[in-house]
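Report on the structure given below.
Only this structure's heavy atoms are used, side chains among them; waters, hydrogens and symmetry mates stay out. Convention: sequence-line order gives letters A, B, ...; per-chain numbering from 1.
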Number of protein chains: 2
Amino acid sequence: MTATLGAVAKQAGVSVSTASRAFNEPGRLSPATVDRVVAAARELGYQPNHAARSLATGRRGSIALVVPDVANPVFASFVKAAQAQGWQQRQAVLLADTDESPELERRLVERLVPQVDGIVLCSSRLDLAELVSLDAGTRVVLVNREVPQLPSVLVDVSTGIRQAVEHLHALGHRRLAYVQGHPLSWSNSERLRLITEHAGRLGLALEVLNPQSPTYDGGIAAAASIRACGATAVVTYNDLVALGAMAQLTAMGVTVPGDVSVIGVDDIAMATMSVPPCTTISVPMDRAGRVSIEVMQGLLGGHQAEPPLVRLETQLKVRGSTGPA
Amino acid sequence: MTATLGAVAKQAGVSVSTASRAFNEPGRLSPATVDRVVAAARELGYQPNHAARSLATGRRGSIALVVPDVANPVFASFVKAAQAQGWQQRQAVLLADTDESPELERRLVERLVPQVDGIVLCSSRLDLAELVSLDAGTRVVLVNREVPQLPSVLVDVSTGIRQAVEHLHALGHRRLAYVQGHPLSWSNSERLRLITEHAGRLGLALEVLNPQSPTYDGGIAAAASIRACGATAVVTYNDLVALGAMAQLTAMGVTVPGDVSVIGVDDIAMATMSVPPCTTISVPMDRAGRVSIEVMQGLLGGHQAEPPLVRLETQLKVRGSTGPA
DNA sequence: GTGAAAGCGCTAACAG
DNA sequence: CTGTTAGCGCTTTCAC
């Protein structure tokens, strides 16, 4: 057991409350006293007991981060940034990985909520009703999911998608395919909506394809249908799918970007390493991580009138996987 | 505020202590009473207050996971597995990312320790003395770092490295290079030691190269010195470096594996996606994650006499990046 | 089998 | 500026 505040107080010859104040509101104490307490504290190797403080204040000093899959580079960078930001704000970060399962997400959230000050849900698949009711219990911040009632930080792919479709159109492509992600996810709906809109505007034919999963393997599996549908250009839900599709297309003897152009979304490191490197829409997940924690902090501090809504801009990064129609 | 145990007790018509027991030692209560309490609890939506429980028991119910870089696929999969395992064991997981900085690691650990039951340090770079003194305060489990006094789970690359060197030797290579990682890290020392040993045994010339960092970019930068040193085969500290080196080598007109063979370590997903796919030593970091949490649990439960030492086997996975000398 | 009561270590009024 | 005093919600002897 580590030294308690009481021990420190005694050692410094003051009362517990004074000792407590030396750490929490040093301004209200005489500098001399503060020094004395601080000295006593380090002498005894005092470490505040977090649980006791929580019990007394009602504050937990930690927030939960819920992501679908930490092993996915996109979320990993998100988590990294969020953790760093949380640390600066003196909040510990409880990590939870839902393994892409809404069911697990529900259970995790349920157990996490009572022990944190707030929770950041990344690409949540919970029902709207659950989300809203959750908000009654804790502070909630949504990332990559738009719900009017809740604060959220969104990656706004509108610019990126527009640029992507225009880029393909400019190259002379007229038949486009979109290999979508999980149909019910907010991100996918957005992407699909935008692609449909711009394809329509520019007069491109659009085919929507379903991969088994939004992963590299999903991309491999999607290659056949890409070729089958006759599109000369394809936008995928994310880079992983794009990469898988490119690899398999190449293996099938279809050249990229000679026969078909491919564009992914996320701008993960691997997108630059493939051959050819993958054109992609750059999604600032590290910024999303930082921002989401900032928003959370805002919520924990002063309560703002309406839920903040942060949109993060995206941009097309042209690389070798797109070319002449 | 959520309902308290007191409220549940009242609702069930029992005392607080009985209510408490209904959850903690139901065996000591009449089944009927347990049912009554449980019913009352769910009726009121009771959620135990973690802080209060901690204060009373001294147990925190959470463990910290400290890794150098969550964005590194190797650690990401480690974290994912550890988190999943922790969840099953009903331990929340506090995540900390040291950003490869021993300095930050020290500060993080210091702050984390008082609020957890135990801490898992992955590829720690702390001084031996710090590590040992740390152990006095909490339960500590080391991953990828061997310290006699402490329990650790190690990835044992001996088999993998031996197979790698033998494989290269069998292909006819006689001049080998090792592009090392952080020189002071335990993993690197191990790898270097083993490569030196086997190269010597088989009569291979060995050159040790220093990349700027154990990353993809580090690999790119190392390509020049690889060619310069005249080696026909190279083993790198990890896959990221291998991939970077392969890409740059190719860009420089050196063919892989025609002119030089490359072998990495980690078996990250990307290793299969490169062109050619990268031969690598498979390191089971997901198992390491699970096992480390199990070891931690063992420590938290019964205190064993001597610190457990778990070694995880590795194996060479031959792919396209190695070939004729 | 169940209840009463004493804290766990800290904070936050409320006095002085 | 500093001390006194209640708790925060739960676990845990110790009785009955």
Side-chain angles (χ1 to χ4, degrees), chain A residues 1-41 44-62 90 92 111 113-117 137-138, chain B residues 1-41 44-62 90 92 111 113-117 137-138:
Chain A
M1 271 309 162
T2 169
T4 73
L5 232 206
V8 173
K10 195 155 103 189
Q11 168 90 358
V14 298
S15 71
V16 250
S17 39
T18 298
S20 172
R21 280 189 278 255
F23 297 111
N24 301 311
E25 2 178 36
R28 288 181 44 184
L29 257 44
S30 84
T33 315
V34 175
D35 287 351
R36 207 134 35 86
V37 175
V38 170
L44 299 177
Y46 170 70
Q47 289 287 92
N49 181 318
H50 226 261
R53 186 204 298 270
S54 293
L55 189 53
T57 60
R59 254 172 269 120
R60 270 66 133 125
S62 57
R90 325 216 86 213
R111 200 150 96 196
V113 158
Q115 38 181 324
V116 296
D117 291 326
T138 356
Chain B
M1 274 306 164
T2 166
T4 75
L5 232 207
V8 174
K10 194 155 105 189
Q11 168 90 359
V14 298
S15 71
V16 246
S17 35
T18 298
S20 172
R21 281 190 275 257
F23 298 111
N24 301 311
E25 5 179 36
R28 288 181 46 185
L29 256 45
S30 84
T33 316
V34 175
D35 287 352
R36 208 134 35 84
V37 175
V38 170
L44 299 177
Y46 169 70
Q47 290 287 92
N49 181 319
H50 225 261
R53 185 203 299 267
S54 294
L55 188 54
T57 61
R59 253 173 270 118
R60 273 63 132 117
S62 56
R90 323 216 87 213
R111 200 150 98 197
V113 158
Q115 39 182 323
V116 297
D117 290 326
T138 355

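- Residue-to-nucleotide contacts include a donor-acceptor pair under 3.5 Å from the side chain of S17(B) to the base of dA4(C).
- Between R28(A) atom CZ and dA13(C) atom C1' there is a gap of 10 Å when expressed in whole angstrom units.
- Closest contact between the side chain of Y46(A) and the listed nucleotides dC1(D), dC10(D), dC10(C) involves dC10(C).
- Across every non-hydrogen atom of S17(A) and S15(A), the tightest pair is OG-OG, 3.0 Å.
- In this entry the distance linking CZ of R60(B) with C1' of dT11(D) reads 15 Å, nearest Å.
- Side-chain proximity of V14(A) to dG3(D), dC10(C), dG3(C): nearest is dG3(D).
- Distance CG (L44(B)) to P (dG9(D)): 14 Å, rounded to an integer number of Å.
- For R59(A) and dC8(D), the CZ to C1' distance is 13 Å, given to the nearest whole Å.
- Position along DNA chain C of the nearest nucleotide to L55(B) versus T18(B) favours T18(B) as the more 5'-ward residue.
- Taking CG of N49(A) as the start and CZ of R60(B) as the end, the distance is 6.0 Å to the nearest 0.5 Å.
- Counting to the nearest Å, the C1' atom of dG3(C) and the CZ atom of R21(B) are 7 Å from each other.
- Close to dT11(D), at under 4.0 Å from its OP1 or OP2, lies a side-chain N or O of R53(B).
- Nearest to the side chain of T4(B), among dC10(C), dC10(D), dT12(D), sits dC10(D).
- For N49(A) and dT11(C), the CG to C1' distance is 13 Å, given to the nearest whole Å.
- The side chain of A56(A) sits closest to dC8(D) out of dC8(D), dT2(D), dG3(C).
- When the P atom of dT12(D) is taken as reference, atom CZ of F23(B) falls 15 Å away, rounded to whole Å.
- Rounded to the nearest 0.5 angstrom, S54(B) OG and D117(B) CG are separated by 7.5 Å.
- Nearest-nucleotide mapping onto DNA chain C: of A52(B) and A19(B), the residue sitting toward the 5' end is A19(B).
- Distance H50(B) NE2 to dC10(D) C1': 12 Å, rounded to the nearest Å.
- Here the CZ-NE2 distance, from R59(A) to H50(A), works out to 10.5 Å after rounding to the nearest 0.5 Å.
- Under 4.0 angstrom from either OP1 or OP2 of dT2(D) there lies at least one side-chain N or O belonging to T33(A).
- Distance from the side chain of S30(B) is smallest to dG1(C) among dT12(D), dG1(C), dA13(C).
- The shortest distance between the side-chain N/O atoms of S20(A) and the OP1/OP2 oxygens of dT11(C) is below 4.0 Å.
- When all heavy atoms of T33(B) and V14(B) are compared, the closest pair comes out as CG2-CG1, 3.9 Å.
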